[in-house]
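Below is one structure, written out as structure tokens, with a few remarks after it.
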Protein chains: 2
Amino acid sequence: MKHDFPARTRNRQSYHHGDLKRALMDAAELELAAKGFEGFSLRGVAKRADVSHGAPAHHFTDVSGLLTAIAARGYERFIAAQNRRESQAGDGPRAKLVASGLGYIDFAIENPSLFRLMFSSGRPDKSNLELTQGADAAFEKLVGHIRAITHSDPHTDAPAMTDVFAAWAVAHGLADLLIANGLSRATFLKPMSASERDEFFSEIILRAVPAIRDEP
Amino acid sequence: MKHDFPARTRNRQSYHHGDLKRALMDAAELELAAKGFEGFSLRGVAKRADVSHGAPAHHFTDVSGLLTAIAARGYERFIAAQNRRESQAGDGPRAKLVASGLGYIDFAIENPSLFRLMFSSGRPDKSNLELTQGADAAFEKLVGHIRAITHSDPHTDAPAMTDVFAAWAVAHGLADLLIANGLSRATFLKPMSASERDEFFSEIILRAVPAIRDEP
DNA sequence: CCGTTAAAATAGACAGTGTCTAGATTATCG
DNA sequence: CGATAATCTAGACACTGTCTATTTTAACGG
């Protein structure tokens with residue numbers, strides 16, 4: 001016998017958790033937001049879920065597996081953030097594109113560590129199906145906006161695909177610079193209110209897809 | 001007596017290294033390039049420099065100090081990469097701006113981990129003087145390009161500062177997406193040669209600063 | 001309902017990490 | 001030449017991720 005004292009040192013009704021997988025993902029998001037991307041620890045996640053340090057392995061294999069799951073779920077919120085902005089936006093396809101970009105930036109500001117995990121780290125397993133599905137969905141959303149503006153399919157029309165990447169690069173660049181605090185260089189001109197900031201970003205996003213490409 | 005065997009187990013002439021600080025920085029860049037940003041280890045750097053694991057602390061305090069120094073030195077190469085492109089470019093200020101952006105991207109592709117360290121990680125100490133000087137120099141370089149195009153000073157003229165951030169965001173977004181492999185979505189249309197890729201990026205960068213803003 | 005089997009969760013061990021500290025070695029300079 | 005400071009070493013500590021044996025519980029076929 002290895003353990004000569006009761007194993008149940010944790011305050012939980014049953015030995016089995018019931019829904020540990022989800023609980024671990026919730027705990028992992030908290031850990032990520034609290035400790036940041038660098039200080040993230042698998043054992044810290046286990047502590048948050050009030051579970052032994054080895055428990056996560058059974059559901060996620062290793063830390064990369066957990067982070068992959070977190071990143072995949074992140075795409076849902078990522079798309080939700082864009083939808084939120086789009087529903088508040090005006091009608092035209094350009095307005096929708098701009099709103100989508102603002103949602104992109106919203107998401108980065110609200111979840112900087114998760115954003116970095118998803119877009120700027122090699123940690124999630126990019127061959128994971130759920131992850132690639134999330135990324136594909138986000139990409140196709142953007143593709144749809146450009147199609148609505150240009151009336152041509154980016155998947156077969158190279159100039160339209162250029163528009164896709166121009167818009168993506170601008171939104172991504174703004175978001176990444178923002179959470180790296182690079183924009184503090186801009187606001188020293190004058191501190192911006194929320195609506196001023198939206199206006200500032202909107203103009204920059206609009207430049208990515210020149211009006212000349214609009215189809216009536 | 002604590003050490004009962006000769007302390008000099010390393011194949012070096014003298015106990016003192018001579019130029020350990022520089023040697024550690026070189027080793028750290030190798031380690032960063034080899035193990036990537038995640039797998040970077042201070043002890044691994046010490047091994048590369050053939051020095052005890054505690055030696056780096058004397059020159060850099062801790063791992064953050066070493067990474068800060070690496071990031072600061074990274075700006076020199078970052079600016080050099082831009083200068084290389086600018087010297088090959090045509091005359092006009094727009095051509096110089098585009099070249100600078102292509103250099104931005106070159107740097108990211110050639111040093112992806114270093115790029116991430118500099119722009120997308122909280123690890124370097126941003127209050128460090130040499131680091132902020134490097135970042136400022138890079139920023140002022142861009143400011144100069146926009147000033148040459150618009151003939152107005154971004155530091156006092158808000159529209160010109162908007163141009164600065166538009167150009168910065170586009171270049172940064174393209175670079176960051178590239179090293180995250182996001183561009184693989186574009187090249188499935190057709191694989192691009194180096195010059196085609198330059199053309200592709202150039203067009204996108206140009207959109208950031210509309211021609212209407214040119215001053216003769 | 002019971003016994004067997006699979007799943008879920010535990011705690012211990014191991015190598016590796018960053019940082020701290022005491023000690024050993026050497027350069028520097030009055 | 002001798003004192004002092006700088007440099008480097010090696011051991012310790014707490015922490016990390018992963019592996020393994022073990023315990024507890026759920027699920028399910030008879």
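Each chain gets a letter, A, B and so on, in the order its sequence line appears, and its residues count up from 1. Because only heavy atoms are used, hydrogens play no part in the values below, and waters and symmetry mates are left out as well, while side chains stay in.
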| remark: A:Arg48 CZ to D:dT16 P, in whole Å, measures 12 Å
| task | To the nearest Å, give me how far apart NE2 (A:His59) and P (D:dT18) are. | result | 16 Å
| task | Go through the structure and list residues passing side-chain hydrogen bond (donor to acceptor under 3.5 Å, both in side chains) with A:Lys141, not counting sequence neighbours. | result | A:Asn83, A:Glu86
| Just how far, in rounded Å, is C1' of C:dT26 from CG of B:Leu20? | 14 Å
| Under 3.5 Å donor-acceptor, B:Arg85 side chain and B:Ser100 backbone | no
| Sorted by number, the residues of residues 36-44 of chain A with heavy-atom contact under 4.0 Å to DNA chain D | A:Ser41, A:Leu42, A:Arg43
| Residues in side-chain hydrogen bond (donor to acceptor under 3.5 Å, both in side chains) contact with A:Asp26, at least two apart in sequence or another chain | A:Arg73
| task | Any side chain to side chain donor-acceptor pair (under 3.5 Å) involving residues 111-121 of chain A? Give me the pairs, sequence neighbours left out, ordered by first then second residue. | result | A:Arg77-A:Asn111, A:Arg116-A:Asp176, A:Ser120-B:Asp176
| For the pair made of CG in A:Asp62 and P in D:dT16, what is the distance, rounded to whole Å? | 17 Å
| said: I'd like to check the ring-ring contact (aromatic ring centres under 6.0 Å, His included) partners of A:Phe201; sequence neighbours left out, ordered by chain and number. | reply: none
| note | In whole angstroms, the gap separating P of D:dA6 from CZ of B:Phe60 amounts to 17 Å
| message | If you take the centroid of each ring, where Trp contributes its six-membered ring, are B:Phe119 and B:Phe107 closer together than 6.0 Å? | response | no
| query | Using a cut-off of 4.0 Å on non-hydrogen atoms, how would the nucleic acid contact of B:Ala55 be classed: base, sugar-phosphate, or nothing? | reply | base
| request: Consider the side chain of A:His53, meaning its heavy atoms from C-beta on, and name the nucleotide among C:dT19, C:dT10, C:dA11 that approaches it most closely. | output: C:dA11
| N or O in side chain of B:His58 less than 4.0 angstrom from D:dT7 OP1/OP2 | yes
| request: Send over the distance from A:Lys47 NZ to C:dA11 C1', rounded to a whole Å. | output: 13 Å
| task | Could you tell me which residues satisfy side-chain hydrogen bond (donor to acceptor under 3.5 Å, both in side chains) with A:Asp136, sequence neighbours excluded, listed by chain and number? | result | B:Arg185
| query | Between B:Ala57 and A:Gly54, which is nearer to the 5' end of DNA chain C once each is assigned its nearest nucleotide? | reply | A:Gly54
| field | Nearest-angstrom distance from the residue atom CD of B:Glu31 to C1' of C:dG18 | value | 14 Å
